[in-house]
Structures are given as structure tokens and as C-alpha cells.
Amino acid sequence: MKVKLLKIAFYQLLLILCTTTAFSQTPRFKVLGLYTTTVEPDHVSFSKDAIQFFTQLAAKDNFIFDTTTRWEDLNDEKLKDYQVVMWINEFPHNQQQRSAFEKFMANGGGWLGFHVSGYNDKYTNWPWFVDFMGGAVFYNNNWPPLPAKLIVDDNKHPVTKRLPKKYTSTINEWYGWKPSPRLNKNIKVLVTLDPANYPLGKKNIIPDGDIPVVWTNTQYKMLYMNMGHGDQIFTLGIQNKMFEDAILWLGLKGK
Ligand code: ZN
């Protein structure tokens, strides 16, 4: 009798162990990172660092991070496998890819866009994307790339909860936008360029303005981050925590 009970207890324990292991090995979500190797060298070096950073994070936080330089992978068939799409250093190349992305977002997909991936101007001709970005159209930038003081607008949001109220970010090329996405009621700004930086730049100067650098359009599961120029972006621990919290927020939102 005793032996039998022990046996049952043993098998129960085995079952628990197996289930726990199986559970912890099931990836929590899948991310597809798209990038291009023929763009501005500083954007290529950012993509290398980003891929390394998110690959390590995927192993640590238990999600899948696939990458591709084939922007034609922005199609319904491919995207149905993924919960989050990341544009690392570019954007779709044609109408087909744009449409597939719009559909993915309308169906509740997640997007994390860095730096130039949010770039748009009067030649872009993609009104949907301008609206998605909260109306923000590229307006100006600083040059050379510089570190900048940032203000964290919301320390309670899941993406920025581990950041201090203010911090000095890594070297980046910062973009100004017109209009400021903050003016759009659907936009929640999480991080802003501190006016204490102005004038920012030497060759190209950002003289003033309300310039959000991290924001989300609450109509979508999306997050734009202006960081993404050069090889210093992932050198700051507290900011790296924001990148980690960002991908987890997008991947697990609504789960
Ligand atoms: Zn840049």
C-alpha cells in the first residue's frame, strides 16, 4: 500500500515537472524584425546591435525573434505566424507591403518602430501611416548625432515604469515632427526631448519645439521610438529596460 502511494506521488511529481518544463519552453509570442543592409551606415550598425540585443532578450524572456531583410515578407501568409512586427531601420517598399501591414495592425497585430522607420515627408504618400503616427511628419533633425536629456512623461506606463523621471539618453540623431503627435487625441506620449537640450546640434540644429521621442497610438498596439542611429543605442542599462518592457508589452498585450 505504502509503495503504491509512493509510486502515485512519484508519477504526480513527474507530471508536474513535465508540464512546468513544457510550459516554460512554449514561446510566449513571436516577433518578426525587418531590416535593410543597404541603408545609411549608422542605421545598419544600429540594426546589427538591435538584432543582437533582441536575440538575447528573446532567449531570456522566452519569445521568438526572427529577422529578415526581405520586406516582401510583409504579406498575410507570413504575418499570420507573428504577434509583433518590428521595423528596425526601414519601412515597406511598395503598396502591397503597406496594405499587408495595415491589415495586420487592423487585426490586432503589434508594431515596434525605431528611428527612420517612422520617417515620412510630403513624398511618402501614405496617409494611413501619417495617421498611424498621430499625424507626425518629419520636420527637422540634429547633426551630428548627440546624447540628449529626456523627460519621461509617464512613469506608470508598462513601457516606461522602470525609467527615472529624467535621464540622459545615448548618442542619437533626434527627429523633430510637425505637427507634434501630442496634439492628436489618440496619442499617448511616453518620452519627450527635454527643452533644456535646445539648441541641439551643430551642422543641423533643432532650435526648439515640443518633440516627443516615444509614443503610442492608443487605437493600435503600436509603439514608436526615435532611438535608432549609430552603435551606442544599447549601451545604457536603464534605457535597455525600456526596450525590454516595450517588446513584452506589445507581445503580451491582450493575452
Ligand atoms: Zn538616423
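Each ligand, and each atom within it, is numbered from 1 in the order the structure gives. Position 1 is the first residue of the sequence, and the numbers go up from there.
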*Sequence neighbours left out, what passes side-chain hydrogen bond (donor to acceptor under 3.5 Å, both in side chains) with N226? Give chain and number order.*
Y224

*Looking at residues at least two apart in the chain, or sitting in another chain, which of them share a side-chain hydrogen bond (donor to acceptor under 3.5 Å, both in side chains) with D42?*
H229

*What's within reach of the Zn ion (ligand 1), meaning protein N/O/S atoms under 2.8 Å?*
H43 NE2, H115 NE2, E173 OE1, H229 ND1

*When clusters are formed from ILVMFWY side-chain contacts under 4.5 Å, directly or step by step, what else is grouped with V39?*
V44

_Partner of W87 under ring-ring contact (aromatic ring centres under 6.0 Å, His included), chosen from Y35, W111, F114, F46_ = W111

*asked:* With a sphere of 6.0 Å drawn around NZ of K161, does it hold more than 12 non-hydrogen atoms of other residues, nucleotides or ligands?
replied: yes

*For the pair F91 and Y119, evaluate ring-ring contact (aromatic ring centres under 6.0 Å, His included) and give the outcome as yes or no after the intermediate values.*
CA-CA 8 Å; F91 32 74; Y119 181 93; 7.0 Å; no

